[in-house]
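Each chain gets a letter, A, B and so on, in the order the sequences are listed, and its residues count up from 1.
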Amino acid sequence: MYALVDCNNFFVSCERTLDPGLENKPVVVLSNNDGCVVSRSKEAKDLGIPMAAPAFKYKELFKKHNVKSFSAKFELYNFKSQQVIHISKSYVGEKDYEVYSIDELFLDLTSFKYVDIFNYCIKLKEEVKSEAKIPVSIGIAPTKTLCKIANRIVKKDPERFNGVFALDTPEKIEKALKWLNIGDVWGIGRRLAIKMHDNGVYKAWDLLQKPEMWVRKVMGIHGVRMINELKGIRQLELDTPSPKKSIAVTRSFMQMLTKREEVRERVETFGMYCSERLRKQNTCCKMVTVFVQTNRFRKDLPEYRNAKTRILPNPTNSSIILGRVVHELFEEIFEEGFHYKKAGVIVNDFVPEDQRLINLFEEDTQNQHLPVMRAMDAMNKKYGKDKVRLGSMSGQNTWGRAQLSPEYEAFLKNNTLTEANFRFH
DNA sequence: TCTGGGGTCCTAGGACCC
DNA sequence: TCTGGGGTCCTAGGACCC
């Protein structure tokens, strides 16, 4: 059996650890620039606030029902995530867990032959609640896909199930599959859901009645795996953490930008962040993409979007080299006269720092830069983000960030956990 | 006025090779 | 001049996830 430990409306629960007065009240957490709703308390869901709702459209509703809204605080969420992971993984063997996302992890319970798994998970749930102050739901099942379903069943009626539910008999599985809408199956997105409906598949159970050839044709290799997973035949193992294959730093701007210099500064800063993250995982990239785009919601303004990718002569993670490339790519795609809303830098095609193949005919300064970069990283770690930076950066990385609460300021002061600690935990 | 920010994997089609 | 049948690799785009 696997178990899926999933934090209940995670970001909101994190906010409640800072301010217990938010308990039992409608609370939402907003994305960057306070744009979209990305986490909702149960009370907020009951008010009909959908996921990813644009905040400005719900201002009135928030006011009317006294919904508390918060800007996202990722340092806090990462910290709480680690606490939950730390407690959860102590319940299984050393490598018998997979951190699936910031608020979810799978546990492999296969080796527990004589333990009452259900009560074991209740105990885990209660420890996470008392130690990390985060409520979790746990779904137990023979496959990951069924764990997701078990978890959904818990969340539907938490009191009834006391936070834990096991899909552990063929009868329970059949009942669950006949209840679950096809669009809610893990791996079925909006597009596929429509295709399913067009073909008379409405419940997860209906998919199992379709011939395998049909599934293979419509969904590709995914579909065949999904069917087996739904039947309780394991197709997906626990993933071991692997280095990233791409790194992206992209942002929407609070206000639209029109000046070349303003956008350029932002984009080069994104490039810097990419190179910092490359150095954190000790890799260099061979490919860089820069993109800019206008506001696609503003039909009254001319629309423009463009992207350009460069393959580097030599792999690098130097902020200086990357900054230069980003600058050049930016100049190739930037057009005057548009209102820019969003931009980003994406790097991919990585090689380990110490296994770079060097082009014979191109100058390679990566190794000269590296000690400087390391020193810069060390200083920024000690004294704070962007304290040491390239001359082309303004150092204002707080764009679009709302007022921080005193509780949060205190939290930041007392906890030095960083993204890197989290990732390589 | 105001609509997030990351990731992964698969597939189809083109370029090229023998 | 015309034609066949098999590969590999790369890329762009689509679909999914949180």
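- Heavy atoms of A/Ile346 sit nowhere under 4.0 angstrom from any nucleic acid atom.
- Here the C1' atom of nucleotide C/dC18 and the CG atom of A/Asp103 are 7 Å apart, to the nearest Å.
- Heavy atoms of A/Ile247 sit under 4.0 angstrom from primed sugar atoms or phosphate atoms, though from no base atom.
- Between A/Phe350 atom CZ and B/dT8 atom P there is a gap of 8 Å when expressed in whole angstrom units.
- For A/Thr250, counting side-chain heavy atoms from C-beta on, the closest listed nucleotide (B/dG7, B/dG5, C/dT11) is B/dG5.
- DNA chain B is contacted by both A/Pro243 and A/Arg216; A/Pro243 maps to the nucleotide lying nearer its 5′ end (nearest heavy atom per residue).
- You'll find that the side chain of A/Lys244 is closest to B/dT8, out of B/dG5, C/dC18, B/dT8.
- Geometric assessment of A/Lys172 against the ring of A/Phe165 yields a positive cation-pi assignment under the 6.0 Å and 45° thresholds.
- Between A/Asn32 and B/dG5 there is a side-chain N or O to OP1 or OP2 distance below 4.0 Å.
- For B/dT3, the base is stacked against the aromatic ring of A/Phe297, per a cut-off of 5.5 Å between centres and 30° between planes.
- Whole-Å rounding puts the A/Leu192 CG to B/dC9 P distance at 18 Å.
- If you take CG of A/Asp300 and P of B/dC2, they are 9 Å apart, rounded to a whole angstrom.
- Relative to the six-membered ring of A/Phe106, A/Lys144 meets both conditions, a distance below 6.0 Å and an angle of at most 45° to the axis.
- Judged by distance alone, the side chains of A/Asn181 and A/Lys203 do bring a donor and an acceptor atom under 3.5 Å apart.
- At C/dC18, one or more side-chain N or O atoms of A/Lys148 fall inside 4.0 Å of OP1 or OP2 (strictly under the cut-off).
- Salt-bridge annotation for A/Lys73 and A/Glu15: present, with a side-chain N of the basic residue lying under 4.0 Å from a carboxylate O of the acidic one.
- Phosphate proximity of B/dT1 to A/Arg298: absent, as no side-chain N or O sits under 4.0 Å from OP1 or OP2.
- In this structure, A/Lys125 fails the cation-pi test against A/Tyr120, since its NZ or CZ atom is not both closer than 6.0 Å to the six-membered ring centre and inside 45 degrees of the ring normal.
- Counting heavy-atom neighbours within 6.0 Å of A/Arg374 CZ, excluding the residue itself, gives a total above 12.
- If you check every strand for non-hydrogen atoms under 4.0 Å, A/Gln255 touches nothing.
- Rounded to an integer number of Å, the gap from CZ of A/Phe291 to C1' of B/dG5 is 9 Å.
- Contacts of A/Val185 with the nucleic acid, taken as non-hydrogen atoms under 4.0 Å apart, involve only primed sugar atoms and P, OP1 or OP2.
- Side-chain atoms of A/His222 lie closest to B/dC10 of the nucleotides B/dC10, C/dC17, C/dC16.
- Remark: P of C/dG13 and CG of A/Asn348 are 14 Å apart, rounded to the nearest angstrom.
- Distances shorter than 4.0 Å separate some side-chain N or O of A/Lys245 from OP1 or OP2 on B/dC9.
- At the phosphate of B/dG6, neither OP1 nor OP2 sits under 4.0 Å from any side-chain N or O atom of A/Ser246.
- Residue A/Arg277 places at least one side-chain N or O under 4.0 Å from the OP1 or OP2 atom of B/dG7.
- Of the nucleotides present, C/dG5 is the one that pairs with B/dC18 by Watson-Crick or G-U wobble criteria, both distances under 3.5 Å.
- For A/Arg191, counting side-chain heavy atoms from C-beta on, the closest listed nucleotide (C/dA15, B/dG5, B/dG6) is C/dA15.
- OP1 or OP2 of B/dT3 lies within a sub-4.0 Å distance of a side-chain N or O belonging to A/Lys341.
- Heavy-atom nearest nucleotides on DNA chain B were determined for A/Arg225 and for A/Cys36, and the one closer to the 5' end corresponds to A/Cys36.
- Of the candidate nucleotides C/dC18, B/dT3, B/dC2, B/dC2 has the atom lying nearest to any side-chain atom of A/Met256.
- Counting to the nearest Å, the C1' atom of B/dG6 and the OH atom of A/Tyr100 are 13 Å from each other.
- Distances shorter than 4.0 Å separate none of the side-chain N or O atoms of A/Ser31 from OP1 or OP2 on B/dG5.
- Atoms CG (A/Asn9) and P (C/dC18) sit 15 Å apart, rounded to a whole Å.
- Remark: A/Arg266 fails to qualify as a cation-pi partner of A/Tyr340 under the 6.0 Å distance and 45° angle criteria applied to the six-membered ring.
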